[in-house]
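Structure record follows, encoded as structure tokens.
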Amino acid sequence: MKLFEHEAKTILAGYAIPVPKGALATSPGQAKKLASQLRPPFAVKAQVLIAGRGKAGGIQFAHTLDEAENATKKILNMEIRGLKVHKVLIEEKVQVRKELYFGITTDRSRRCYVALASASGGVDVEEIAYTTPRKMIKTLIDPTIGFRGYHAREMASKIGYSGKLMLKLAAIYEKLFKFAMENDVELVEMNPIVETSDGTFVAADARIIIDDSALYRHPQYSQRLISDQKTELTLQEIKARKAGLAYVELEGNIGIMGNGAGLVMATLDAVQLYNGSPANFLDVGGGASESQIDAALAILLADDKSSAILINILGGITRCDEVARGILATRNKVGFTKPIVIRLVGTNEDEGRRILAEAGIHVLDSMEEAAKKAVELSRG
Amino acid sequence: MKLFEHEAKTILAGYAIPVPKGALATSPGQAKKLASQLRPPFAVKAQVLIAGRGKAGGIQFAHTLDEAENATKKILNMEIRGLKVHKVLIEEKVQVRKELYFGITTDRSRRCYVALASASGGVDVEEIAYTTPRKMIKTLIDPTIGFRGYHAREMASKIGYSGKLMLKLAAIYEKLFKFAMENDVELVEMNPIVETSDGTFVAADARIIIDDSALYRHPQYSQRLISDQKTELTLQEIKARKAGLAYVELEGNIGIMGNGAGLVMATLDAVQLYNGSPANFLDVGGGASESQIDAALAILLADDKSSAILINILGGITRCDEVARGILATRNKVGFTKPIVIRLVGTNEDEGRRILAEAGIHVLDSMEEAAKKAVELSRG
Amino acid sequence: MGIIVGKETRVVVQGITGTQGSFHTRLMLDYGTSIVAGVTPGKGGTEVHNVPVYDTVKEAILRHDVNASIIFVPQPFAAEAALESIEAGIRTVAIITEHIPLRDTIDVLTHAKRKGATIIGPNTPGIITPGECKLGIMPSHVFRHGTVGIASRSGTLTYEIAVELTKYGFGQSTCVGLGGDPMVGLSFVDVLKMFSKDSQTRAVVLIGEIGGIAEEQAAEYIATKEFSKHVVAFVAGRTAPSGKRMGHAGAIVIGRAGTAKSKIEAFKAAGIGVAAKVSDVRKLLAGGIQEG
Amino acid sequence: MGIIVGKETRVVVQGITGTQGSFHTRLMLDYGTSIVAGVTPGKGGTEVHNVPVYDTVKEAILRHDVNASIIFVPQPFAAEAALESIEAGIRTVAIITEHIPLRDTIDVLTHAKRKGATIIGPNTPGIITPGECKLGIMPSHVFRHGTVGIASRSGTLTYEIAVELTKYGFGQSTCVGLGGDPMVGLSFVDVLKMFSKDSQTRAVVLIGEIGGIAEEQAAEYIATKEFSKHVVAFVAGRTAPSGKRMGHAGAIVIGRAGTAKSKIEAFKAAGIGVAAKVSDVRKLLAGGIQEG
């Protein structure tokens, strides 16, 4: 689960990590008023849960209160990669001597947390990590030892600091690790963390992703997980999550559901292979009940941009008769408002097919055949 | 550092460990008033930092408010092994089905924390541990794994519980471990932890010793470490601790100071070997300064029960000239109010001896000779 | 033969009294798996499908000869259940439970490594050596004894492919579900090393998906270590957008990392046939086996 | 020869720029100890007595051949300093700092065991192999090269006894201060095992004190493992009351456990001579060596 920049900064400040002085505004007037409490120049920053806002104009600088008001007005009228901006963070602009990077995330292959530091921070850090990985200093973290002062100092030293500045920077690294462990982060990064012209360090931008699997022990985050507008999820995605379904919205016009993440991904791939375009990814999971199938299908039917639906079930723990009954339940309630292709094999297949056949619904055997058919139907 | 029973119980309750309902009283009238908020029968318990209060009459039971008042009066007039009782804990008496023991402490040989459980708790548990150690269930705790739910359940199961009761008891064990780690305990024990007649568990008595070396990271405890009456220390001991000296009060009549814990213990032993009786143990530590020596000697001179003083210094990091100057400083300020025997060898020995010789103070070479002389002088 | 589990596997089921635990215990027993004990704290002394239940793994081990564990314990307690088995000395632990917090998984895998235990999962359908032992929740009927080893990051997709393979005569030596969580006990490379030593296995199917670099590492291993058995790969998620979790917590493209494209290219560069669709897997397999 | 430290010992001093660290670095250098580097975070690039200072142990190791560390770091950071050396692969670490929290000591000792490092202390005067290497803070002049090994829980008392031994011609092979904290890296048994293999050591003096069961374990080890060298014991704290810490955090009688009486009886039962007073140590030693 992603946190907004302003949330991230508030949390880091709670761990005594220096962040720029600032406040959150939802209107130009409020921004102006808040700016009057700050020392110019100001930075006005769109609060969106998406990367690339800088390039999209979502960060602007202002020297006067009026400029801050105007910048806020512009940004609040903006859509960044399709997302409306509801809030801006207005801050004292940091006086940069040097932009650095520091982050903590997991290393899937080494099966541990890893700390990453770089002497060059900012927008291109992912590019640097990808193209010249040796510029990224990496420390694997043994969970039985943790990330200690000496690990932090070693990293701060390797990116070129010594003396008091090295100690200051290392102390911030250590605090970030403490935060990361106490909050089960999947990723936390200060990018950039800035060395200011007066020799201090400030987390000028911060990004936090909390491990979704650990949200149950962090009620302060989990309570907002499925509240509208507070997360990166679309309304459809929130609806699906509330129903316990894994759902991702896509751009195409064929609604797709199936059981099992890999199978659904493969179904999407098959649709594309036959030159179709998936409208979504919807995994009902293992052993879905009639009502879950019903809920899932209802979500697909409600998606305006799709012109056909493909259901791909390979029954293992999932029982085909439950699936059949779920499909009928939806039809009885809302009707089939668009063409639906169903592939249904596996556990209790005969019973499932019988139920659907009695209702006049035809069922296919092969996933590839079904994908081909769905692509045809989506063309109308 | 030892905590009072009432403090221990308040802290454990904060970890959701069940303790009897009760409150702290400093007068019989207050005890009666507090008892009226509780359900009889009551237990009235002297709050002293010393074992064996039960056998000394420091725990009494009462069925009525008047009885509670009387019991309090009796206990507050009591001295338990020389310690005046200032406070009583008045509690609802626990309805005992079975008294158990559970504690967490360190195992010096195995170099880890250890959890101890026994199906028989109460006053004789130390005796049991000493004479029939196999009745004590012991779990060594790997610090990289901790004391987990399954360790707790294994112990609760081994002392004879199963089903819901086993789960309840194990949950309490787990909580106690959490408390132990978060508070750097040297020892925490619930003795007894009682299975009540209605099938719950209650920590009927609790003992906590915090690791003195870790107090610096627990300001909630350390601030009271050297406050009067709040600890097990005598006033002399508090004075010594404030001066940064290791001091233990004893019963004899020869005041003893030296540098190094082992050396001072050996000095006490030598005094006893020559049939003398040490009044105290005072270790000035390594590299003591003039002012520390002065402070130490002043404490010894102020001890009314001693009739002679023995100073045993073997200079290593400690410099004999510093020691000599410290001794003179005390003499100049308060005078030598009792005979003092000084043994002084090692680093800067010549200078130290010269300083003392000029002041007319004689110094011995051998520790054993000095001990013998001190014993003679203590007899007046 | 096959790898990790076989006729000699004797299982304790952790969380045996729960709905899933009890249901799959019956299915595993039906398949012929030796389930010798179950564990549910507080339910010691009872039985599930005639399997005795204990309060702790240690007690189960004290009374039975156990060398594997399968975990159906709910998410908040699953990692601790795995530690319990690892500490008790069990060398094969399959964690069916999904969505285990990363920190807990790291703990489990660290201690497993120290004790030399093999962890399958979390979020795995388990492992099956057809005809010998099923330590998992996969539908047994799709598998047949044979010579193809399967390692997969996906459950249902594995069944889909196994159905095809079985239908066209490619029985399996062992099928391992690595698990859909971002961090799991076994990598493709780990499993390839085992298949390499297994005389029954003559070809291997790797079923990958977006996220991480396990497929790229497998491709590199096969290319540089001269893995001598025939390998076919399938990668799900060609159409997945960046930054979205596709059902599995581990199935996510981050920036430019973890794409299906990168994985497919790595496999191809290592000379491994990559199936564009499910039905291609058996075709590539047939080609390779004829060649080999 | 001697044990643990010798001519081949090359030392990094952690906390070298502090008062104690700097002072004892000079004394160790004067004694002839090879101190090749120092570490103080934030002081990298400076020098102390011509010894180069680094920010981290890893950097010191990268530039110098180091195999031992001595720690003068203040209490709140001392345990972490030890972990730093252990993780960097240093095999001998002397922790001079006292009053390290038990939890931290346990952490340090657990990781030291895993990495095969020997920890001396905490709260130790260190270790000296006279004439070869002093890794500690003991006054050098009281020691002479010879054949008596000393293991002691007390600093000054060791000097007291060493003065006597040296005066009467009993030079020492190695003198180890185990440390006065309740939990320390080396036990008497550990050191006896090393002395047993050391050809230079012909007799051993054990200087114990109240608290714990290290002396009892040593007595048992000597009795049952047939430790073949002559042993003399001294136990401080016969007069110590129960429940009071006698200067050292580890010197405490709890209930009936850890008394001098118990230790003395154990030694005597194992046939070991116990000195009633300091001057008896050399007498018992002389008797044993004449006998032996």
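Note on naming: letters A, B, ... go to the chains in the order of the sequence lines (proteins, then strands), and numbering restarts at 1 for each one.
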Using a 6.0 Å cut-off, check whether atom [atom1] of [X] has over 12 heavy atoms from anything other than its own residue.
X      : atom1 : result
D/R114 : CZ    : yes
D/E220 : CD    : no
D/R91  : CZ    : no
D/Y31  : OH    : yes

To the nearest 0.5 Å, tell me how far [X] [atom1] sits from [Y] [atom2].
X      : Y      : atom1 : atom2 : result
A/Y150 : D/D55  : OH    : CG    : 15.5 Å
D/H111 : A/D142 : NE2   : CG    : 6.5 Å
A/R153 : D/E84  : CZ    : CD    : 6.0 Å
A/K164 : D/K43  : NZ    : NZ    : 8.0 Å

Problem - Verdict with supporting geometry, D/T56 and A/H151, side chain to side chain contact (heavy atoms under 4.5 Å, CB included) - result: CA-CA 9 Å; D/T56 64; A/H151 297 120; over 6 Å; no

Handout entry: Under-4.0 Å salt bridge between D/D107 and A/R148
Key =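 Salt bridge present between D/D107 and A/R148.
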
Practice task
Return the option, out of A/G163, A/S162, A/A156, with the maximum number of heavy-atom pairs under 4.5 Å with chain D.
Solution key: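 Looking at each of A/G163, A/S162, A/A156 in turn, A/G163 comes out on top.
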
Completion exercise
Closest non-hydrogen atoms of A/S157 and D/E59, given as atom of the first, atom of the second and distance, are OG-OE1, 4.1 Å

